[in-house]
Amino acid sequence: MAALIPNVLQMKAEFLQATWETIYMTFFSALISAVLGLLFGVLLVVTQPGGLLEDRLTYSVLDKVVNLLRSIPFIILLAVISPLTNFLIGTTVGTTAALVPLIFGIFPFYARQVQNALLDVDRGVVEAAESMGSSPMAIIFRVYLKEGLGDIVRVSIVTVISLIGLTTMAGAIGSGGLGDIAISIGYARFENDITFVAMIIILIMVFAVQIIGDWIAKKVDHH
Amino acid sequence: MATATNIIDLKDISVTFKTHDQTVAAVQDVDLTVEKGDIYGIIGYSGAGKSTLVRVINLLQKPTTGSVTVSGQDLQTLKPVELRQARKKVSMIFQHFNLMAARTVLGNVEYPLLGSRMSKADRRAKAARLLKLVGLAEYADTYPSQLSGGQKQRVAIARALASDPEVLISDEATSALDPKTTKSILNLLKRLNAELGVTIVLITHEMQVIKSICHNVAVMDAGRIIERGRVSRVFTQPQTALSRDFVETSTNVKEAIERIGSTVSIANFASNQELMYFNFVGQSTKEGVLSKLSKEFGIDVNILFANIDQIDGENVGVMIAILTGDIEGFNTAVTQWKDRGVTTQILTDANLKGGEL
Ligand SMILES: Nc1ncnc2c1ncn2[C@@H]1O[C@H](COP(=O)(O)OP(=O)(O)O)[C@@H](O)[C@H]1O
Ligand SMILES: [Mg+2]
């Protein structure tokens with residue numbers, strides 16, 4: 001063991017902390033992005049032409065915002081957004097500061113995925129609900145979100161996995177976490193075992209998310 | 001004729017869809033009144049505007065012009081919340097059932113009651129009662145994906161009844177079902193009409209469906225109602241080519257004429273032979289006609305095709321036969337039959353070739 005991963009064994013505490021930092025960044029940015037992504041996704045679907053609450057202006061603004069944010073490469077977003085981060089959090093380094101770019105990096109992606117999931121909800125079912133006198137709010141919650149839940153869970157898994165990837169990139173601006181260790185210690189000091197173990201821990205996280213997510217998706221899906 | 005017994009009263013309805021480069025007049029100048037308790041059919045080919053027209057009844061589709069009165073209420077004057085309330089009195093069932101895949105069968109039937117003042121226990125009890133009514137009590141906890149098409153439509157019917165509607169609109173509800181299942185669904189609708197008094201408006205492209213349960217029918221073509229009336233009347237005396245077409249398809253007369261045309265040549269007939277088409281309505285029966293022809297006029301009848309139906313309580317039938325014998329005497333018989341509901345027509349090679357009467 002000591003021969004295989006000598007540097008890691010000396011940095012157990014740092015690894016433990018970095019793992020927690022990655023979980024912390026993933027969890028909180030996922031939470032806030034989920035709210036924003038669901039909100040945007042639902043709004044995009046109901047305000048689209050022919051939608052439940054058709055509103056061309058709202059739709060076109062949201063659509064453009066999402067497209068714009070999705071077009072910015074994350075590594076550039078990290079830098080570009082730092083004044084906003086500084087304004088909101090008071091600093092641009094550390095795990096909490098990293099939440100800001102992570103959220104802006106992931107929620108537009110999630111919003112699109114939610115939008116697509118909801119567009120897959122059968123128009124006929126929505127029409128049936130309308131014919132039964134359901135209000136737009138009732139249709140959003142009792143039809144769109146309920147019928148689309150299986151797909152929403154599936155796109156959430158994909159999103160969280162992408163998000164774990166983004167947290168490692170945030171290491172580039174000193175966010176902490178496994179990406180930070182892998183680059184600023186493992187890579188910089190040529191301590192390959194550090195990079196390698198960081199990767200293994202991330203892979204374990206990804207698999208865990210995938211397995212739990214698939215299990216939930218299966219539970220809620222009755223198609 | 002807006003009377004108190006008209007539960008649906010559409011006046012001067014037009015619906016025009018404008019897409020970026022074209023306008024489609026889906027419904028044009030349609031008046032439609034449906035009496036309370038009726039089973040009213042609307043028949044037409046795909047694209048005729050049937051769905052658009054019935055979606056106007058609950059204002060899922062706002063008409064470009066015209067007024068919509070249901071149960072004496074002018075729907076276009078209602079506030080959104082009042083309109084939603086009014087919609088609960090006009091339920092719909094659809095060709096593709098439109099059940100919610102994420103809810104159990106019971107959950108689907110319970111759906112229209114969510115948000116009402118009913119307690120959860122009462123909602124479930126009512127949904128269970130409706131499932132029993134449509135014969136699916138034991139499927140309460142399964143999901144729609146596990147049901148057959150006919151069962152899904154029964155669930156959809158139970159769901160449609162949950163809000164105690166006055167009107168049930170069926171938009172091609174049997175078009176995705178096999179003939180046997182279609183029959184059972186139509187029987188169920190008939191029973192609900194009789195037992196609950198719910199008025200039914202039924203869209204279809206099959207005359208067979210109209211024939212089996214409707215009392216009145218409107219024939220739609222290119223956004224307009226081109227013919228309407230009692231089903232027995234439209235069936236026996238269609239006034240338009242389209243209606244005749246629907247009737248002939250449903251009685252298989254068209255197919256029969258084509259089949260006969262490929263096996264029989266009128267040119268080879270003897271001088272005392274004719275190919276004759278008969279149409280019976282009311283008390284006259286095929287048997288009565290046949291025995292009179294052979295006994296009184298000594299005419300030999302070789303039946304090539306016959307189809308007898310019951311429409312809205314009346315016997316209706318068609319027959320095609322080769323007659324051999326005294327055609328003069330036959331003509332005497334025809335005059336006597338006229339007012340007893342039997343009409344005849346001599347078929348020519350032109351009829352056979354064209355496949356039409
Ligand atoms: N939302 C819509 N936008 C544009 N055209 C439509 C819309 N709904 C229906 N139409 C058109 O209106 C016509 C009638 O359609 P529909 O009422 O569905 O006919 P049917 O139910 O008799 O098959 C068709 O030409 C159809 O393409
Ligand atoms: Mg249609």
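In this text the structure is predicted, and so the values were computed from the model without any measurement. In what follows, chains carry the letters A, B, and so on, assigned in the order in which the sequence lines appear, proteins first and then strands, with residues in each chain numbered from 1.
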Less than 4.5 Å to any heavy atom of chain A: does that hold for the side chain of [X], its backbone, both, or neither?
X	value
B:Val81	neither
B:Arg55	side chain
B:Leu114	both
B:Phe97	neither

### Task
Please report the closest heavy-atom contact between A:Ser134 and B:Tyr111, naming both atoms and the distance.
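Minimum heavy-atom separation between A:Ser134 and B:Tyr111: OG-OH, 2.7 Å.
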### Task
Using heavy atoms and a sub-4.5 Å threshold, report which of residues 143-171 of chain A line up against chain B, by residue number.
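Those residues of residues 143-171 of chain A which have a heavy atom under 4.5 Å from chain B are A:Val143, A:Lys146, A:Glu147.
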### Task
Anything in residues 113-127 of chain A with a heavy-atom distance to chain B below 4.5 Å? Please list those residues in order.
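Heavy-atom contacts from residues 113-127 of chain A to chain B are A:Asp122, A:Gly124, A:Val125, A:Glu127.
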Within a 6.0 Å radius of atom [atom1] on [X], are there more than 12 heavy atoms belonging to other residues, nucleotides or ligands?
X	atom1	value
B:Phe17	CZ	yes
A:Met137	CE	no
A:Phe141	CZ	no

### Query
Taking B:Ser145 for the side chain and A:His222 for the main chain, is one N or O donor matched with an acceptor at less than 3.5 Å?
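Flag set: sc B:Ser145 to bb A:His222 pair under 3.5 Å.
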### Distance, nearest 0.5 Å, that separates CD1 of B:Ile57 from OG of A:Ser131
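Taking CD1 in B:Ile57 and OG in A:Ser131, the distance rounds to 12.0 Å.
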### Query
Counting heavy-atom pairs under 4.5 Å to chain A, which of B:Lys89, B:Arg103, B:Met92 comes out on top?
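With the most close heavy-atom pairs to chain A, the winner is B:Arg103.
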### Message
Which one wins on heavy-atom pair count under 4.5 Å against chain A: B:Gln146, B:Gln85, B:Lys88, B:Met100?
### Response
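Max contact count across the listed options: B:Met100.
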### Query
Hey, mind stepping through A:Ser135 and B:Arg84 against side-chain contact (heavy atoms from CB on, under 4.5 Å) and telling me if it holds?
CA-CA 7 Å; A:Ser135 65; B:Arg84 291 202 288 270; 3.5 Å; yes
